[in-house]
Protein chains: 2
Amino acid sequence: MATRTDTLTLEVVELIGTVVARYHEEYDRAAAEHSLTGAQARVLGLLSLEPLPMRKIAVRLKCEPSNVTGIIDRLETRGLVERRPDPADRRVKLAAATEKGRRTARELRDALDFAREPLAGLSDAERTVLRDLLRRMLGEETP
Amino acid sequence: MATRTDTLTLEVVELIGTVVARYHEEYDRAAAEHSLTGAQARVLGLLSLEPLPMRKIAVRLKCEPSNVTGIIDRLETRGLVERRPDPADRRVKLAAATEKGRRTARELRDALDFAREPLAGLSDAERTVLRDLLRRMLGEETP
DNA sequence: TGAATATTTCATGATGTCAAGTAAATCGGT
DNA sequence: ACCGATTTACTTGACATCATGAAATATTCA
C-alpha cells in the first residue's frame, strides 16, 4: 500500500489521534459536571431521543447486555432513567429517560462545545470541504 | 455563537463522533489481538519510543500515578516492560519496553490501519487540505 | 530540619467480560 | 392447534481492568 508510511498520511493520522483525545476530554469533562461517567452520559444521550430495550443499548455500545444492566441501574438510582415493560414482548425492558434525565441530557449537549467552538474558526466553505473529506474517509458516499 | 446549531456544523460534529468511535474500535481490536487492553497498548506504544518515569506516563494518560502502577505491573508480568532505577534520582522508576515489548508495539502499529487504509481513498491534495483543516480545528497554526 | 516530589499500597467504584439462571416467545413435528 | 425444544431478553455472580483518592515510604531540595 503506497499510502502507509508517507509523512503526510502519518501527519493526518496523528491529527486524528489528537482529535480523538480532545473529544474524550471534552465529553468526560461535560459528563463530570453532572456527576456522570462517560458511559452514563452516552447512554443518557441515546435514551433522551427514544426509549430502547436493554439489548439494543448493548448493540449501540458494542458491549455485553449484562454490562448495560449496571449502567441503567446507576442511572435509575439517580432518577434519570426508568425501566418500562414492553407491551409487545414481556421479556423486554425498555429503558426510558425521565423528565429529569431529558433535562440533564439537554444540558449535556449544550455543554458539548468540543466540535462546535473550534469549528467556528472555519468558514462555511471550509466546513463543507471538511465534511465531505470526513465522509469519504469513513467510506460513506457523498449524497 | 453563530455556528452552534446550523446543519453543516452538526453534520461535521456527528462525523467526528463517528471517527472517534471507529478509531477506538480499530485500536481495541488491534490491542486485543495481542491480548492487550487499550490502556496497555497505549502505554506500550509510548514506552517503545523511550523509557519514561511513572509520573510522566500518568501525565500523558491524564490519570493518577497510582493507576499507572497497576498498568505497568501487568505489562511487566508479561515481560513487555521493565522497571529501571533512574541513575539521576533514586525516587524515580523508569518504565522501559523490553525487546519483546518493542516487537509487540511494532506489530501493533502495523496493524493499526484505521486512518491509513481509509485515507488511501483520498488524493495527496485532499489529504493536505484535510491536514490543514484538522490543524486549524485543533487550534494549531499551519507552520 | 522541613517541605516537596515520586512511587506504591489500599479501599472503593465504574466498566467490561463470561457463564449460569429465569422468564417469555417462537419453531417444528405431530 | 398443541407441546416440547430452542432461541431470545434480561439479570446475577465472579472476576479483571481502569480510575480515583488517601495514606505510607523513600528521596530530594530549600
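Note on naming: letters A, B, ... go to the chains in the order of the sequence lines (proteins, then strands), and numbering restarts at 1 for each one.
- Note on the helix from C:dT1-D:dA30 to C:dT30-D:dA1: terminal axis deviation equals 20°, with five pairs used at each end and the result rounded to 10°.
- The distance from atom CG of A:Asn67 to atom P of D:dT12 is 14 Å, rounded to the nearest whole Å.
- Among the atoms of the strands shown, only primed sugar atoms or phosphate atoms (P, OP1, OP2) are found under 4.0 Å from some heavy atom of A:Asp89.
- Of the candidates C:dC10, D:dT28, D:dT12, the closest approach to any side-chain atom of A:Thr69 belongs to D:dT12.
- Between A:Glu64 atom CD and D:dA9 atom P there is a gap of 13 Å when expressed in whole angstrom units.
- A pairwise comparison of heavy atoms in B:Val68 and B:Met54 identifies CG1-CE, 3.8 Å as the closest pair.
- One interatomic measurement links the two molecules: NE2 of B:His24 to P of C:dG16, which rounds to 11 Å at whole-angstrom precision.
- When each of A:Gln40 and A:Arg90 is assigned the nucleotide of DNA chain C with its nearest heavy atom, A:Gln40 is the one assigned upstream, toward the 5' end.
- For A:Arg55 and D:dT8, the shortest distance from a side-chain N or O to OP1 or OP2 is not below 4.0 Å.
- Contact detail for A:Gly45 and A:Ser48: the closest heavy-atom pair is O-OG, 2.7 Å.
- For B:Ser66, taking side-chain heavy atoms from C-beta onward, the closest of the listed nucleotides C:dA14, D:dG21, D:dA19 is D:dG21.
- Rounded to whole Å, the distance from CG on A:Leu61 to C1' on D:dC10 is 16 Å.
- Both A:Leu15 and A:Leu133 belong to a common hydrophobic cluster when Ile, Leu, Val, Met, Phe, Trp and Tyr are linked at side-chain heavy-atom distances under 4.5 angstrom.
- Rounding to the nearest 0.5 angstrom, the gap separating the OG1 atom in A:Thr104 from the CZ atom in A:Arg109 is 11.0 Å.
- Straight-line distance from the CG atom of A:Asp73 to the P atom of D:dG13: 12 Å, rounded to whole Å.
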For this session: With salt bridge (charged side-chain N to carboxylate O under 4.0 Å, His left out) as the test, would you mind laying out the steps for A:Glu11 and B:Arg135 before giving the verdict?
Result: CA-CA 10 Å; A:Glu11 269 184 286; B:Arg135 269 189 192 157; 2.4 Å; yes
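- To the nearest angstrom, C1' of C:dA6 lies 12 Å from CD1 of B:Ile57.
- Contacts of B:Arg83 with the nucleic acid, taken as non-hydrogen atoms under 4.0 Å apart, involve only primed sugar atoms and P, OP1 or OP2.
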For this session: Would you check, one step at a time, whether the test salt bridge (charged side-chain N to carboxylate O under 4.0 Å, His left out) holds for B:Arg22 with B:Glu25?
Result: CA-CA 5 Å; B:Arg22 190 80 64 88; B:Glu25 275 171 52; 5.4 Å; no
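- Nearest to the side-chain atoms of A:Ala39 among the listed nucleotides D:dA9, C:dT8, C:dG16 stands C:dG16.
- Residue A:Arg91 places none of its side-chain N or O atoms closer than 4.0 Å to OP1 or OP2 of D:dC10.
- Between B:Arg131 and B:Asp124 there is no salt bridge, since no side-chain nitrogen of the basic residue lies less than 4.0 Å from a carboxylate oxygen of the acidic one.
- Going from atom CG of A:Leu36 over to atom P of C:dA14 covers 11 Å, rounded to whole Å.
- The side chain of A:Val92 lies closest to D:dA9 when the candidates are D:dA9, D:dA19, C:dT15.
- Look at NZ on A:Lys93: it is 9 Å from C1' on D:dA9, rounded to the nearest Å.
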